[in-house]
Amino acid sequence: MASNLLKIHLQTFRSTNPSTPFPVAKILFQSLSFPTEQHHQHQYHVSFFPQQLPSKRKISPPPLQSSLSSSTPPTSREDAILQAKTCLSTTLEKPLNNPKLTGKLKKQKQPKFRVEIPVIDDSPASLSQLAFDVFGDIPIKRKGSPVKILILWPNPTLTEAAIKTFELHSTNHVEHMDISSITNESNRILNSSDVAIFLAPETSQLAVMKTVTETLYPKPIVIFNPKWAFEDESSFGGLSGFVGSFEVIYSFMGLEVRGVLSKRKGVVFKCVRDGVLSGEKWTVLVEEEGEMKVVSRFKARPAIGEVENVLYNLMAINSPITKSAKFLRGLVSNVTGKK
């Protein structure tokens, strides 16, 4: 039936500033329209959109600190990875150089962080390459021995793909383990690591993740690209508190609000700078004349209803009715620096 067809609209925004490092410096979004029942004057729904961004041209990244801005979302896959890598390295440096975490002289708060680069392509080759791009040469500064990283994967297939990818580049400071294969005999590998990464974990593995986290205390733990949505976490029962104890240091989500006569695209974004966790807010940016401008900030992570209200009020000037708001989860897949 025609009413069930998805309509895909692709729009790009070109920079007119010749000094801009990329020919296209604005964020590219994919918009899908599908029928919804109209119960109120305005409503919202969450949607997830697959689209793979090819990235074959090697781009030399700028210096880490100069590339990171707490209010500027990425404009390319490389930029997103660089921002996330910078957040992680600077945030992990403090606990990894803290002798109290090693000596366990007294009860310390375990460093627990969360990073979200919401790519849609979750194939083994894509995820293992993403892991290598972030952790293969992550510049964590620590006195003494190099930092040993343990990546815990959700299944054997992803684990094997990651091992092959990292072996191609002779990376020996990163170990890989299938979280479903962890036993009492795995403690040696767990204890030999300085920081553990749960990469693309699933909700069915939350109990095991909690056990591993407690076993590794007081070492830093990172959840990277969880398979669940933020809106689902309130339904995790006794494990909701565990998931909520992880501090988000890098995250962004594309969004769109449709009106009768117009529509706006934007981003919900958080990026911690210099490892300072306190006070970093969630920023809502909206496209105006081809540029992303900050329209609101939240102390806590906003639900889509809160974001919808912000954009609804913003659009009311030009459009009396807001039809819907939705998150575009595959933002990295929708960002490009190419024509």
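In what follows, every heavy atom counts, from backbone to side chain, and hydrogens, waters and symmetry copies are set aside. Residues take their numbers from the sequence shown, with the count starting at 1.
Not a single donor-acceptor pair under 3.5 Å links the side chain of Lys270 to the backbone N or O of Lys281. A donor-acceptor pair under 3.5 Å is absent between the side-chain atoms of Asp178 and the main chain of Thr159, judged by distance alone. Without hydrogens or angle criteria, Asn225 side chain to Ile117 main chain gives a donor-acceptor distance under 3.5 Å. Judged by distance alone, the side chain of Glu280 and the main-chain N or O of Val248 form no donor-acceptor pair under 3.5 Å. Between the side chain of Ser123 and the backbone N or O of Ser126, at least one donor-acceptor pair lies under 3.5 Å. No donor-acceptor pair under 3.5 Å is formed between the side chain of Tyr217 and the backbone N or O of Lys109. Thr211 places a side-chain N or O within donor-acceptor distance of the main-chain N or O of Ala207, the cut-off being under 3.5 Å. In this structure a side-chain-to-backbone donor-acceptor pair under 3.5 Å is present from Gln110 to Lys219. Side-chain N or O atoms of Ser193 include none that pairs as donor or acceptor with a backbone N or O of Ile149 at under 3.5 Å. Side-chain N or O atoms of Glu93 include one that pairs as donor or acceptor with a backbone N or O of Lys141 at under 3.5 Å.
Taking the centre and axis of the six-membered ring of Phe230, the NZ or CZ atom of Arg301 falls inside the cone set by 45° and 6.0 Å.
Residues Ile151 and Val174 meet the side-chain proximity criterion, which asks for heavy atoms closer than 4.5 Å. In this structure the side chain of Cys271 reaches within 4.5 angstrom of the side chain of Cys87, judged on heavy atoms. Inter-residue side-chain proximity for Trp282 and Ser251 is flagged as met; some heavy-atom pair is nearer than 4.5 Å. Residues Ile179 and Phe198 form a side-chain contact, since some pair of their non-hydrogen atoms from C-beta on lies under 4.5 Å apart. No side-chain heavy atom of His173 sits under 4.5 Å from any side-chain heavy atom of Val147. Within the 4.5 Å cutoff, the side chain of Pro226 has heavy atoms near those of the Arg114 side chain.
Remark: Leu255 CG to Glu287 CD distance equals 11.0 Å, nearest 0.5 Å. Once rounded to the nearest 0.5 Å, the distance linking CE of Met292 with CZ of Phe269 reads 11.0 Å. To the nearest 0.5 angstrom, Glu291 atom CD is 11.5 Å from Leu285 atom CG. Atom CD1 of Ile140 sits about 9.0 Å away from atom CG of Asp194, to the nearest 0.5 Å. Lys148 NZ to Asn172 CG: the interatomic distance, rounded to the nearest 0.5 Å, is 9.5 Å. Rounding to the nearest 0.5 Å places CZ of Arg142 at 14.5 Å from OG of Ser89.
Using a 3.5 Å distance cut-off with no hydrogens or angles, the side chains of Lys112 and Ser245 do pair a donor with an acceptor. Between the side chains of Tyr250 and Glu116, no donor N or O sits under 3.5 Å from an acceptor N or O.
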Using the side chain to side chain contact (heavy atoms under 4.5 Å, CB included) rule, take Val134 and Leu88 through it: C-alpha gap first, then chi angles, then the decisive distance, then the call. CA-CA 9 Å; Val134 175; Leu88 267 174; 4.1 Å; yes

Between Val267 and Val284, does a side chain to side chain contact (heavy atoms under 4.5 Å, CB included) hold up when you go through it step by step? CA-CA 6 Å; Val267 174; Val284 179; over 6 Å; no

With salt bridge (charged side-chain N to carboxylate O under 4.0 Å, His left out) as the criterion, how do Lys164 and Glu160 come out once you've worked through the C-alpha distance, each side chain's angles and the decisive distance to 0.1 Å? CA-CA 6 Å; Lys164 292 179 181 179; Glu160 293 172 7; 5.7 Å; no

Evaluate side chain to side chain contact (heavy atoms under 4.5 Å, CB included) for Val286 paired with Lys293, printing each intermediate quantity in order. CA-CA 5 Å; Val286 171; Lys293 297 183 179 181; over 6 Å; no

Mind running side chain to side chain contact (heavy atoms under 4.5 Å, CB included) on Phe236 and Thr203 for me, showing each step along the way? CA-CA 8 Å; Phe236 289 169; Thr203 55; 3.6 Å; yes

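A salt bridge is absent between Lys85 and Glu78; no separation between the charged side-chain nitrogens and carboxylate oxygens falls under 4.0 Å. Using a cut-off of 4.0 Å between Lys/Arg side-chain N and Asp/Glu carboxylate O, Glu306 and Arg297 are scored as not salt-bridged.
Val195 and Leu277 fall within a single hydrophobic cluster, where Ile, Leu, Val, Met, Phe, Trp and Tyr side chains are chained together by heavy-atom contacts under 4.5 Å. Ile182 and Ile163 fall into different hydrophobic clusters, defined by Ile, Leu, Val, Met, Phe, Trp and Tyr side-chain heavy atoms under 4.5 Å apart, directly or through other members. Phe113 and Val276 fall into different hydrophobic clusters, where Ile, Leu, Val, Met, Phe, Trp and Tyr are joined by side-chain heavy atoms under 4.5 Å apart, directly or via other members.
Between Phe132 and His169, the ring-plane angle classifies as parallel under the 30° and 60° cut-offs.
Centroid-to-centroid, the aromatic rings of Phe166 and Phe135 stay 6.0 Å apart or farther.
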